[in-house]
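The next block holds one structure in the form of structure tokens; read it before the comments.
Note on naming: letters A, B, ... go to the chains in the order of the sequence lines (proteins, then strands), and numbering restarts at 1 for each one. Side-chain atoms are counted along with the backbone in the values below, which use heavy atoms only and exclude waters and symmetry mates.
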Number of protein chains: 2
Amino acid sequence: MQVAGSGTETQPRLPLSRERVLAAAIKVADEGGLEALTMRRLADELGAEAMSLYYHVAKKEDVLDGVIDVIVTEINNVVGQIDVPAREGSWKSAVRQRILAARQVLLRHPWAPRVLETRTTMSMAVLRYHDELVRLMRQGGFSNDVAHHALHALGSRALGFSQELFDPGDSAGADPGTGPQDLASQFPHLAGMLEEVAHDDPDSTLGWCDDQTEFEFGLDLILDGLDRLRDGP
Amino acid sequence: MQVAGSGTETQPRLPLSRERVLAAAIKVADEGGLEALTMRRLADELGAEAMSLYYHVAKKEDVLDGVIDVIVTEINNVVGQIDVPAREGSWKSAVRQRILAARQVLLRHPWAPRVLETRTTMSMAVLRYHDELVRLMRQGGFSNDVAHHALHALGSRALGFSQELFDPGDSAGADPGTGPQDLASQFPHLAGMLEEVAHDDPDSTLGWCDDQTEFEFGLDLILDGLDRLRDGP
DNA sequence: ACCTGAACACCGTTCAAGT
DNA sequence: ACCTGAACACCGTTCAAGT
């Protein structure tokens, strides 16, 4: 039902813009997953035709680039409100806090890491985020060389997620005998491990078995290792 | 030009099979990248029609599952030839060797990690690979609990690759002033770091800036950290 | 300037039909 | 049993045309 208006002003719909397109893209992906994000469904969300989008974005890849920029900018805003450490040795908790804050943002957009990984051009926002990490590490006493290694070692963990290829809590474990042979007997060490740790893990995050506890374990392992390397490789 | 044959036997082309389809899929992706791997081009490679593939595989996802299984099986074969450690404390080099061997296989299929990450069902071959890692860690004195954490901490590194969101050697660095403002002044800490490390990195591997040295640095950081946790969290 | 309809070249997949 | 042609529902994208 269209509000026809009184006279000459015609505003049947607020006009499209790059910002509106990107916001709608995030909404569509949040609600329907990444496979729902097509140009046609994105246009639907905006009450327009697919072809109209091309006036505001170059192509679909441009939408994906833009969407990542919006999300990482949000991360930068959240992270910018975290205090910089006063003490010298507190680089670790400062970096840790930022990474966990970034993670909180990405948890609201579980599809975003997959898009982030496929970007070929470096987003300004991603550069800014890492620039800040380097600053904190330098202030914490790192050499440039170790800071550089640190960025590589952290990899995608720097932005708050990690790739889990293997989900111990899912396919093996629990009830054995789901396969042609008994899984537990095919993979005895894995099965034994899972039996003992009783990996009950109801929170699946970011789509992989990558829950908060395990993420922090891996993160701290790396941060502790880096801490030992300060002031020299 | 078809070899017509002498009489009644008609073998214009060896018949399709799941194995042939998967082998062709790997070939197509190796040669043309992941975006080249469509059902139609895959059929072309086999001298058949796209629709014929569906007699041997259920759907495209099945092709991707199968292709990963083939590659990780190859990894398992390579890794199976590595000696198991005699000494007790050598778990680390045993795991390290396996991971670096897995990496060598994946380096020949740079598109494979991206497919691996999107699998929803756990491959038997991936289970087997991780079962072996757990075995080595248990023999090396790890508790099941720490071994479990270790798998999570390694994440995709266990199979020889890591996600690099940020490529210091690429967009920033080198010649400044490519953007609207000077990149080096926008990201001073990053620029300073890059200037000092003079990151000349001609080998791009797996498609990300994730070269052998940096991969091993991150891997060793994690393995060393794990070593300290043996026999207790 | 902003938006659209029709059209193009491609997808994955189904299904009835061929041998 | 194995393979195929025609067809369907969907993509991203172009381009000339509308306001």
Atom pairs, N/O to N/O, protein against nucleotides 10-14 of chain D, distance under 3.5 Å?
from    : atom 1 : to       : atom 2 : distance (Å)
dG12(D) : OP1    : Met39(A) : N      : 3.4
dG12(D) : OP1    : Lys60(A) : NZ     : 3.1
dG12(D) : OP2    : Met39(A) : N      : 3.0
dG12(D) : N7     : Arg40(A) : NH1    : 2.5
dG12(D) : O6     : Arg40(A) : NH2    : 3.0
dT13(D) : OP2    : Tyr54(A) : OH     : 3.1
dT13(D) : OP2    : Lys60(A) : N      : 2.8

Handout entry: Residues which pass ring-ring contact (aromatic ring centres under 6.0 Å, His included) with Phe217(A), listed by chain and number, not counting sequence neighbours
Key = His149(B)
Completion exercise
Stems with DNA chain D, 3 or more Watson-Crick or G-U pairs in a row (under 3.5 Å), are C:4-8 with D:12-16, C:12-16 with D:4-8
Handout entry: With Arg40(A) via side chain to side chain contact (heavy atoms under 4.5 Å, CB included) - residues at least two apart
Key = Thr38(A), Ala50(A)
Handout entry: Under the side-chain hydrogen bond (donor to acceptor under 3.5 Å, both in side chains) test, residues paired with His189(A) that sit two or more places apart
Key = Asp131(B)
Exercise for the section: Mark yes when over 12 heavy atoms from residues, nucleotides or ligands other than Arg20(B) sit less than 6.0 Å from its CZ; otherwise mark no. Expected result: yes
Practice task
Kindly state which residues belonging to residues 15-34 of chain B come within less than 4.0 angstrom of DNA chain D, counting heavy atoms of the residue only, listed by number.
Solution key: Pro15(B), Leu16(B)
Handout entry: Residues which pass salt bridge (Lys or Arg N to Asp or Glu O under 4.0 Å) with Arg157(A), listed by chain and number, not counting sequence neighbours
Key = none
Practice task
Provide, to the nearest angstrom, the distance between the NE2 atom belonging to His56(A) and the P atom belonging to dC2(C).
Solution key: 6 Å
Completion exercise
Hits for side chain to side chain contact (heavy atoms under 4.5 Å, CB included) against Val70(B), two or more places apart or cross-chain, chain-then-number order -> Leu22(B), Ile26(B)
Completion exercise
side chain to side chain contact (heavy atoms under 4.5 Å, CB included) filter on Asp44(A), not counting sequence neighbours, yields none
Completion exercise
side-chain hydrogen bond (donor to acceptor under 3.5 Å, both in side chains) filter on Arg135(A), not counting sequence neighbours, yields Glu132(A)
Exercise for the section: Provide the full list of salt bridge (Lys or Arg N to Asp or Glu O under 4.0 Å) pairs with a residue in residues 52-80 of chain B, sequence neighbours left out, each pair given once. Expected result: Arg18(B)-Asp62(B), Glu61(B)-Arg119(B), Asp65(B)-Arg119(B), Glu74(B)-Arg108(B)
Problem - side chain to side chain contact (heavy atoms under 4.5 Å, CB included) involving Glu49(A) - partner list, sequence neighbours excluded - result: Met51(A), Ser52(A)
Fill in the blank from the handout: From OH of Tyr55(A) across to P of dC15(D) the rounded distance in Å is 16 Å
